[in-house]
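To start, the structure itself, in structure tokens.
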2 protein chains.
Amino acid sequence: MKNRIRIERAILNITQADLAERVSVTRQTINAIEAGKYSPTLALGMKIAREFEKTVDEVFELEEGD
Amino acid sequence: MKNRIRIERAILNITQADLAERVSVTRQTINAIEAGKYSPTLALGMKIAREFEKTVDEVFELEEGD
DNA sequence: AATTAATGTCAAGTATATTTTACCTTATAT
DNA sequence: ATATAAGGTAAAATATACTTGACATTAATT
């Protein structure tokens, strides 16, 4: 699962901790997802996309193994 | 997490087992998600939407508690 | 140079998604 | 009436997401 979280965060100029708070998870969770260590739940993915005012597909992209 | 899986399945005229096979999960998983018992992973949600040729947001809708 | 903010990471624990196996009900077909 | 297809459900096991707490590293600020 690839994602554009880092880029979208840069556009909004917010930190991982900021985003974490906005979507009600921990900073470590955002860090892991942003690094592609695992893919989030659908609910969290949708909340993240919503913060960026983007669709889920604009923020996340399926890869081979997913 | 609300969803329109039942409706989209009806449009494609496919069974829960059919959809399950297409997205590589078990029939019980589709049944549970369709019934709203839990929300899928982002990867699975995206695969389901893709089968319906819809966006994630057209198939799934966030609710209060999510 | 020193301090602070931001990010990276890790281990252990909890929560939840998914599988497996199995059975039950309802509708449809033979 | 009986068989078959489709859906509903449940318990136990496994996989994975997420939390908590802590520490290390890098970037930015003064």
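Chain identifiers are assigned alphabetically (A, B, ...) following the order of the sequence lines, protein sequences preceding nucleic acid strands; residue numbering begins at 1 within each chain.
Closest contact between the side chain of B:I33 and the listed nucleotides C:dT18, D:dC18, D:dT20 involves C:dT18. Comparing C:dT7, D:dA17, D:dC18 by their closest approach to the side chain of A:Q16 singles out C:dT7. Among the nucleotides C:dT18, D:dT19, D:dC18, the one closest to the side chain of A:T26 is D:dT19. When distances run from any side-chain atom of A:N31 to the nucleotides D:dC18, C:dT7, D:dG21, the shortest one goes to C:dT7. Residue B:R27 has its side chain nearest to D:dT9 when only D:dT9, C:dT19, D:dA22 are considered. Each of C:dT18, D:dC18, D:dA10 was ranked by its minimum atom distance to the side chain of A:V25; first place goes to D:dC18. The side chain of B:S39 sits closest to C:dA17 out of D:dG8, D:dT19, C:dA17.
When rounded to the nearest whole Å, the span between OH of B:Y38 and C1' of D:dG8 equals 13 Å. To the nearest angstrom, P of C:dA17 lies 10 Å from CE of B:M1. For A:L44 and C:dA15, the CG to P distance is 18 Å, given to the nearest whole Å. Remark: P of C:dA17 and CG of B:N3 are 13 Å apart, rounded to the nearest angstrom. Distance CD (A:E34) to C1' (C:dA6): 11 Å, rounded to an integer number of Å. Atoms CG (A:N13) and P (D:dA28) sit 12 Å apart, rounded to a whole Å. Residue A:Q28 contributes atom CD, which lies 12 Å from atom P of D:dA22 at whole-angstrom precision. For the pair B:L19 CG and D:dG7 C1', the interatomic distance rounds to 14 Å; values are reported in whole Å.
The residue B:T41 sits close only to the backbone: its heavy atoms come under 4.0 Å of sugar-phosphate atoms, none of a base.
Between B:T15 and D:dG7, a side-chain N or O to OP1/OP2 separation shorter than 4.0 Å is present. An OP1 or OP2 oxygen of D:dT9 is reached within less than 4.0 angstrom by a side-chain nitrogen or oxygen of B:K37. Dashed line: the shortest gap from a side-chain N or O of A:R6 to OP1 or OP2 of C:dG8 is under 4.0 Å. Phosphate proximity of D:dG7 to B:R9: present, with a side-chain N or O under 4.0 Å from OP1 or OP2.
Side-chain atoms of A:D57 never come within 3.5 Å of backbone atoms of B:T55 as a donor-acceptor pair (strictly under, hydrogens ignored). Under the 3.5 Å distance criterion, the side-chain polar atoms of A:D66 are matched with a main-chain donor or acceptor of A:M1. Under the 3.5 Å distance criterion, the side-chain polar atoms of B:R9 are matched with a main-chain donor or acceptor of B:I14.
Atoms CG and CG, on B:D18 and B:N13 in that order, are 9.0 Å from each other to the nearest 0.5 Å.
In the displayed structure, B:E63 atom CD is contacted under 6.0 Å by more than 12 heavy atoms of other residues, nucleotides or ligands.
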